[in-house]
Amino acid sequence: MTSTTDSTRELLLSRIRDVPDYPKPGVVFKDITPLLADPVAFTALTDALADLCVRYGATKVVGLEARGFILAAPVAVKAGLGFVPVRKAGKLPGATLGQAYELEYGTAEIEIHAEDLSADDRIMVIDDVLATGGTAEASLELIRRAGAQVAGVAVLMELGFLVGRARLEGALRGAPLEALITL
């Protein structure tokens with residue numbers, strides 16, 4: 001568990017809007033755009049995630065497409081670290097490393113510029129939501145294949161009922177997984 005205060009958690013949670021039946025019937029989408037629009041809440045989120053980067057000795061921040069970019073880039077700036085995007089396949093120019101992973105119905109692939117990471121780097125992976133853990137798991141594999149170390153994974157919220165934490169347990173190899181909010 002993080003050192004995020006209860007008041008910060010309450011602030012963040014109060015700015016996350018539930019959207020019923022989106023993107024399909026029966027799903028309650030957790031919309032973070034009200035949080036991003038609130039400078040106090042967005043700053044509190046950025047500060048909490050930057051503190052985790054410092055606590056775990058990260059040297060760079062990886063943001064997962066697409067909402068992870070929105071969170072990870074200001075966190076990297078606040079923590080004084082570099083930012084490296086993990087994108088959907090075919091979106092990065094030049095040489096990339098790719099990693100396929102399983103979705104509920106089919107597969108997907110993510111990519112990274114391997115030259116942006118080195119053996120001296122400790123990478124903090126940042127995303128908005130930990131759901132089933134597939135994208136995060138694939139990103140950990142990419143980071144290690146690029147020769148870097150994993151400092152940890154940090155997310156705004158974890159949807160505990162989707163058991164992504166259990167899926168990531170082996171892939172983390174002892175690195176921490178921090179969720180500011182668990183639902």
Side-chain angles (χ1 to χ4, degrees), residues 1-58 60-88 91 103-104 108 110 123-140 150-169 172 175-183:
M1 187 56 62
T2 69
S3 64
T4 305
T5 65
D6 288 341
S7 62
T8 298
R9 276 191 198 90
E10 289 172 24
L11 171 64
L12 299 176
L13 193 53
S14 76
R15 301 306 189 272
I16 298 169
R17 179 174 57 134
D18 285 349
V19 181
D21 298 320
Y22 182 83
K24 62 183 185 179
V27 173
V28 178
F29 183 77
K30 300 296 185 183
D31 181 14
I32 68 167
T33 58
L35 187 157
L36 300 173
D38 180 330
V40 173
F42 194 20
T43 298
L45 172 59
T46 301
D47 289 348
L49 293 172
D51 288 348
L52 291 172
C53 290
V54 171
R55 179 187 314 161
Y56 293 117
K60 288 185 181 160
V61 174
V62 158
L64 304 183
E65 188 164 330
R67 290 180 299 269
F69 295 172
I70 297 167
L71 305 184
V75 166
V77 170
K78 173 76 177 179
L81 306 174
F83 168 75
V84 179
V86 167
R87 305 267 342 243
K88 293 176 183 171
K91 300 290 185 180
L103 297 169
E104 186 176 354
I110 55 175
I123 308 302
M124 179 64 78
V125 176
I126 293 183
D127 205 2
D128 64 329
V129 175
L130 174 64
T132 62
T135 308
E137 182 181 43
S139 73
L140 297 175
V150 174
V153 175
V155 297
L156 165 59
M157 69 184 128
E158 176 181 355
L159 304 179
F161 60 92
L162 294 176
V163 297
R165 182 176 291 269
R167 178 177 182 166
L168 284 181
E169 193 171 302
L172 285 164
L177 168 56
E178 298 277 3
L180 302 182
I181 298 167
T182 301
L183 302 173

Please tell me if the side chains of Val86 and Val125 come closer than 4.5 Å, counting only heavy atoms from C-beta onward. no
Please examine the side chains of Val150 and Ile123, heavy atoms only from C-beta on, and report whether any two atoms are closer than 4.5 Å. no
Which residue in the set Lys30, Arg165, Arg167 passes salt bridge (charged side-chain N to carboxylate O under 4.0 Å, His left out) when paired with Glu158? Arg165
Would a 4.5 Å heavy-atom cut-off, applied to side chains only, mark Leu71 and Phe42 as touching? yes
Heavy-atom closest pair (Ala76 atom, Gly82 atom, distance to 0.1 Å) is CB-O, 3.8 Å
Do Ile126 and Cys53 make a side-chain contact, defined as non-hydrogen atoms from C-beta onward lying under 4.5 Å apart? yes
So, Asp128 side chain and Gly68 main chain: donor-acceptor pair closer than 3.5 Å or not? no
So, taking the atom named CG in Asp31 and the one named CZ in Arg15, what distance separates them when rounded to the nearest 0.5 Å? 13.5 Å
Spacing of CD1 belonging to Ile70 relative to OG1 belonging to Thr46, to within rounding of 0.5 Å: 11.5 Å
Check: Val75 and Lys78 side chains under 4.5 Å, non-hydrogen atoms: no
Could you give the distance from CG (Asp47) to OG1 (Thr43), rounded to the nearest 0.5 Å? 6.5 Å
Given side chain to side chain contact (heavy atoms under 4.5 Å, CB included), test Leu156 with Leu35 step by step and report yes or no. CA-CA 11 Å; Leu156 165 59; Leu35 187 157; 4.1 Å; yes
Show the numbers, then the answer: is there a side chain to side chain contact (heavy atoms under 4.5 Å, CB included) between Leu180 and Leu52? CA-CA 10 Å; Leu180 302 182; Leu52 291 172; 4.2 Å; yes
Is any side-chain heavy atom of Ile32 closer than 4.5 Å to one of Val129? no
Side chains of Leu183 and Leu13, heavy atoms from C-beta outward: is any pair under 4.5 Å? yes
So which atom in Phe83 and which in Gly63 form the shortest heavy-atom distance, rounded to 0.1 Å? CE1-N, 3.7 Å
Within the distance-only criterion (no hydrogens, no angle test), does the side chain of Ser14 pair as donor or acceptor with the backbone N or O of Leu11 below 3.5 angstrom? yes
How far apart are the closest heavy atoms of Glu65 and Lys88, and which atoms are they? OE1-N, 3.0 Å
Less than 4.5 Å apart, side chain to side chain, heavy atoms only: is that true for Leu130 and Leu168? yes
Pairwise distance CG(Asp21) to CZ(Phe29) - rounded to 0.5 angstrom: 13.5 Å
Where do Pro39 and Ala37 come nearest, in terms of heavy atoms and distance? CD-O, 3.3 Å
Where Ile110 and Ala138 come nearest, the two heavy atoms and their spacing: CD1-CB, 3.6 Å
Within a 6.0 Å radius of atom OH on Tyr22, are there more than 12 heavy atoms belonging to other residues, nucleotides or ligands? no
Nearest 0.5 Å please: distance from the CZ atom of Arg67 over to the CG atom of Leu36. 10.0 Å
Heavy-atom pair of closest approach, residues Thr8 and Ala44: CG2-CB, 4.1 Å
Measuring from atom CE of Met124 to atom CD of Glu178, what distance do you get when rounded to the nearest 0.5 angstrom? 7.5 Å
